[in-house]
Amino acid sequence: MILYVLKQNKNAESSAYGKYFAFPVIEETINLDGLAEHMANHNTPYSKGAIKGMLTDMVSCIKELLLEGKNVKIADLAIFSLGIKNAGGTMKADEFTVSKNIKGVKLRARATGELVTKNLKLEASLKKASATTKGATQATTNTTDTTD
């Protein structure tokens with residue numbers, strides 16, 4: 001169940017000024033330890049510790065491969081890649097320098113397989129968050145709404 005709250009666009013420069021939009025309520029962020037425990041509870045012969053060790057190694061290996069200029073695809077999850085944050089272009093190629101024209105590197109993740117948007121739309125169930133919901137920013141009713 002995905003809980004949402006409504007927020008009004010307050011940007012007077014926007015064509016959507018004054019309109020209300022739904023935003024998801026995130027109640028908790030699960031770390032690697034929590035993910036390992038969750039996975040261990042799904043009838044697996046592996047312990048939480050073994051799973052956490054594999055996940056920790058996976059994260060390190062993904063970072064290493066990305067920094068080598070490779071993309072990493074995990075089926076039904078995402079393709080991980082790096083992007084470059086440009087600080088501005090130059091009129092001539094020989095004027096371009098890393099220190100002046102690149103701000104940094106960013107991680108990108110594109111959903112694949114079972115996690116792509118069209119599959120999530122079919123499975124997602126949405127519910128307006130109430131005022132008592134942890135993380136809700138305004139009072140709303142508990143009306144179930146599965147429309148787009």
Side-chain angles (χ1 to χ4, degrees), residues 1-89 98-148:
M1 173 74 61
I2 299 169
L3 298 176
Y4 68 91
V5 293
L6 296 177
K7 295 183 182 180
Q8 188 177 33
N9 181 326
K10 307 264 186 187
N11 181 356
E13 312 258 329
S14 171
S15 61
Y17 177 72
K19 292 183 179 179
Y20 285 87
F21 295 91
F23 288 86
V25 174
I26 307 302
E27 296 183 1
E28 182 179 8
T29 299
I30 305 297
N31 61 17
L32 273 182
D33 194 54
L35 178 59
E37 184 174 343
H38 178 86
M39 292 172 68
N41 290 327
H42 279 274
N43 299 318
T44 177
Y46 302 107
S47 70
K48 172 187 165 186
I51 293 170
K52 184 177 179 189
M54 286 186 279
L55 290 173
T56 300
D57 288 348
M58 181 186 80
V59 170
S60 285
C61 289
I62 289 172
K63 179 180 178 183
E64 179 183 338
L65 292 166
L66 292 173
L67 292 173
E68 290 176 3
K70 298 176 170 104
N71 288 354
V72 178
K73 179 178 181 177
I74 300 175
D76 295 325
L77 180 63
I79 299 170
F80 296 93
S81 61
L82 293 181
I84 294 175
K85 293 190 262 183
N86 287 288
V98 171
S99 61
K100 288 182 184 175
N101 301 104
I102 295 180
K103 287 190 226 177
V105 180
K106 60 186 172 185
L107 176 66
R108 299 185 303 191
R110 296 184 314 265
T112 64
E114 292 297 314
L115 205 57
V116 295
T117 302
K118 72 176 185 174
N119 290 342
L120 291 176
K121 284 177 79 173
L122 297 174
E123 297 174 14
S125 173
L126 300 170
K127 186 174 187 178
K128 198 178 286 185
S130 71
T132 59
T133 302
K134 182 172 111 182
T137 58
Q138 76 179 58
T140 57
T141 59
N142 276 334
T143 308
T144 300
D145 180 7
T146 56
T147 60
D148 288 7

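Just so it is clear, the model here is predicted, and its values are computed rather than measured.
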Counting only heavy atoms not in Leu65, do more than 12 fall under 6.0 Å of its CG?
yes
Can you tell me how far CD of Gln8 sits from CG of Asn11, rounded to the nearest 0.5 angstrom?
12.0 Å
With a 6.0 Å cut-off (strictly less than), is the heavy-atom count around CZ of Phe21, excluding the residue itself, greater than 12?
yes
Might you work through the side chain to side chain contact (heavy atoms under 4.5 Å, CB included) test for Tyr4 and Lys128, ending with a clear yes or no?
CA-CA 5 Å; Tyr4 68 91; Lys128 198 178 286 185; 3.5 Å; yes
Donor-acceptor pair, distance only, cut-off 3.5 Å: does the side chain of Asn101 make one with the backbone of Ala87?
no
Would a 4.5 Å heavy-atom cut-off, applied to side chains only, mark Ser14 and Lys19 as touching?
no
For Ala78 and Ala109, the nearest pair of non-hydrogen atoms, with its separation, is CB-CB, 4.2 Å
Euclidean distance, His38 NE2 relative to Ile30 CD1, rounded to 0.5 Å:
8.5 Å
Calculate, to the nearest 0.5 Å, the distance between atoms CD1 and CZ belonging to Ile62 and Phe80 respectively.
5.0 Å
Between Val105 and Lys85, what is the shortest heavy-atom contact and its length?
O-CE, 3.7 Å
Which residue, Asp33, Leu35, Asn31, forms the side-chain contact (heavy atoms from CB on, under 4.5 Å) with Lys52?
Asp33
Measure the shortest side-chain to side-chain distance between Asn86 and Ile102 over non-hydrogen atoms and say whether it is less than 4.5 angstrom.
yes
Between CE on residue Met58 and CD1 on residue Ile74, distance to nearest 0.5 Å:
4.5 Å
Report the distance from atom CG of Leu82 to atom CG of Leu66, rounding to the nearest 0.5 Å.
4.5 Å
Supply the atom-to-atom distance Lys106 NZ to Ile84 CD1, rounded to the nearest 0.5 angstrom.
9.5 Å
